[in-house]
Undergrad: 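Please read through the structure below; I'll follow up with questions.
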Amino acid sequence: GGQCDEENPGGQKTRILTLPASTGSDVSMRTPVNGDDGRGRSEEDMFQKVLIANRGEIARRIIRTCRKLGIATVAVYSEADASLPFVREADEAVLLGPPPAAKSYMDMDKILDIAEKTKAEAIHPGYGFLSENPEFASRCQERGIVFIGPRPEVIRAMGSKIEARRKMQEAKVPVVP
């Protein structure tokens, strides 16, 4: 693993980061040197720690990706999931509560409190649970935690078939009449 700088045809310098072979894959990431990556983030302000608000294989995939990028992970889990692999594989794991999802994986306050206590800069909701909840995305923003996913207003718009259709037409995406 290592890094090198190269100049692209437009004259912009790009830093190429390559993860060591010990990670099990050849992953390289290109980021503009002293600039942002097109999403408002530069190499210097990549997350140090991400909380994963999901479980099972979804959490495991996010953990593996974060590890390849050098990002620490925090798993949250219910009592029923305590022995699952994702709990052991994360850098940190915090018990959410009893098995019902409403008392664990859907408990916004508890998840946000854990993110703050563990100093996670971002929350990755995975799939399902809170991933399509505009209120959760808004509450992350209010607490200064990055929600890895669409902005709250986009989640709201896509939750409404009429609004989603209007947005797609504005973007010149073909829609069925």
Side-chain angles (χ1 to χ4, degrees), residues 19 22-25 27 29 37-168 171:
L19 297 176
S22 63
T23 62
S25 66
V27 175
M29 185 174 78
D37 65 359
R39 294 170 300 191
R41 299 191 65 80
S42 69
E43 172 190 327
E44 290 78 26
D45 60 340
M46 187 180 290
F47 304 123
Q48 300 299 306
K49 188 183 289 188
V50 171
L51 182 143
I52 302 155
N54 215 295
R55 60 184 297 279
E57 186 58 30
I58 292 167
R60 294 183 79 193
R61 289 178 183 192
I62 297 165
I63 290 165
R64 282 194 299 267
T65 301
C66 286
R67 183 162 291 129
K68 288 175 185 176
L69 295 171
I71 300 170
T73 55
V74 178
V76 292
Y77 64 96
S78 73
E79 292 166 354
D81 293 338
S83 64
L84 293 182
F86 79 96
V87 176
R88 291 186 307 276
E89 292 168 359
D91 296 301
E92 298 174 54
V94 180
L95 177 65
L96 273 172
K103 294 184 179 202
S104 55
Y105 298 103
M106 298 295 288
D107 189 332
M108 290 185 247
D109 290 326
K110 205 176 280 185
I111 290 170
L112 289 164
D113 288 345
I114 292 169
E116 287 178 340
K117 286 178 184 147
T118 60
K119 297 182 176 26
E121 301 148 297
I123 295 177
H124 194 308
Y127 180 81
F129 292 126
L130 297 171
S131 67
E132 297 175 19
N133 186 317
E135 180 187 348
F136 183 65
S138 291
R139 291 176 67 186
C140 287
Q141 283 182 343
E142 289 165 8
R143 293 210 194 182
I145 299 167
V146 175
F147 176 82
I148 300 174
R151 293 183 314 276
E153 60 273 14
V154 172
I155 298 171
R156 277 187 200 89
M158 294 301 110
S160 159
K161 287 182 184 179
I162 294 168
E163 183 63 16
R165 180 180 177 82
R166 189 181 68 71
K167 290 273 187 199
M168 293 298 103

Undergrad: Quick one: closest heavy-atom pair of S131 and I155, and the distance?
TA: O-CD1, 4.1 Å
Undergrad: Taking all non-hydrogen atoms of both residues into account, name the closest pair between R88 and S83 and its distance.
TA: NH1-O, 2.9 Å
Undergrad: Any chance you could measure M108, atom CE, to R143, atom CZ, to the nearest 0.5 Å?
TA: 11.0 Å
Undergrad: Determine the interplanar angle of the F129 and Y105 rings, folded into 0 to 90°, and report it as parallel if under 30°, tilted if 30 to 60°, perpendicular if over 60°.
TA: parallel
Undergrad: More than 12 heavy atoms of other residues, nucleotides or ligands under 6.0 Å from CZ of R61: is that the case?
TA: no
Undergrad: Locate the shortest heavy-atom distance separating P99 from S104; write the atom from each residue and the value.
TA: O-OG, 3.8 Å
Undergrad: With no hydrogens and no angle check, is any side-chain donor or acceptor of D81 less than 3.5 Å from a backbone partner on L84?
TA: no
Undergrad: Restricting to non-hydrogen atoms, name the atom on E116 and the atom on I145 that form the minimum distance, rounded to 0.1 Å.
TA: CG-CD1, 4.0 Å
Undergrad: CD1 of I62 to OH of Y127: how many Å apart, nearest 0.5 Å?
TA: 13.0 Å
Undergrad: Atom CD of residue position E132 - does it have more than 12 heavy atoms of other residues, nucleotides or ligands inside 6.0 Å?
TA: no
Undergrad: Which value, rounded to the nearest 0.5 Å, describes the distance between K117 atom NZ and E92 atom CD?
TA: 13.0 Å
Undergrad: Between I71 and F47, what is the shortest heavy-atom contact and its length?
TA: CG1-O, 3.4 Å
Undergrad: Atom CG of L112 and atom CD1 of I123: how far apart are they, to the nearest 0.5 Å?
TA: 5.0 Å
Undergrad: Testing the basics here: between P152 and Q141, what is the closest heavy-atom pair and its distance to 0.1 Å?
TA: CD-NE2, 3.7 Å
Undergrad: Taking R60 first and then E57, would you say they form a salt bridge - that is, a charged N and a carboxylate O separated by under 4.0 Å?
TA: yes
Undergrad: Under 3.5 Å, is there a donor-acceptor pair between the side chain of E121 and the main chain of Q48?
TA: yes
Undergrad: Is it the case that the side chain of R55 and the backbone of S78 share a donor-acceptor pair, with hydrogens and angles ignored and the cut-off at 3.5 Å?
TA: no
Undergrad: What distance do I52 atom CD1 and Y77 atom OH have between them, rounded to the nearest 0.5 Å?
TA: 14.0 Å
Undergrad: Would you check if the side chain of K110 reaches a backbone N or O of L96 as a donor-acceptor pair within less than 3.5 Å?
TA: yes
Undergrad: Hey, what do you get for CD (E163) to CZ (R156), rounding to the nearest 0.5 Å?
TA: 11.5 Å
Undergrad: Would you find a donor on one side and an acceptor on the other, under 3.5 Å apart, between the side chain of K49 and the backbone of T118?
TA: yes
Undergrad: Looking at D91, is its backbone amide N or carbonyl O close enough to the side chain of T73 to form a donor-acceptor pair, meaning the two atoms are under 3.5 Å apart?
TA: yes
Undergrad: Please say whether more than 12 non-hydrogen atoms of neighbouring residues, nucleotides or ligands are located less than 6.0 Å from CZ in R165.
TA: yes
Undergrad: Whether the side chain of N54 engages the backbone of A59 through a donor-acceptor N/O pair (distance < 3.5 Å, no angle test) should be reported.
TA: no
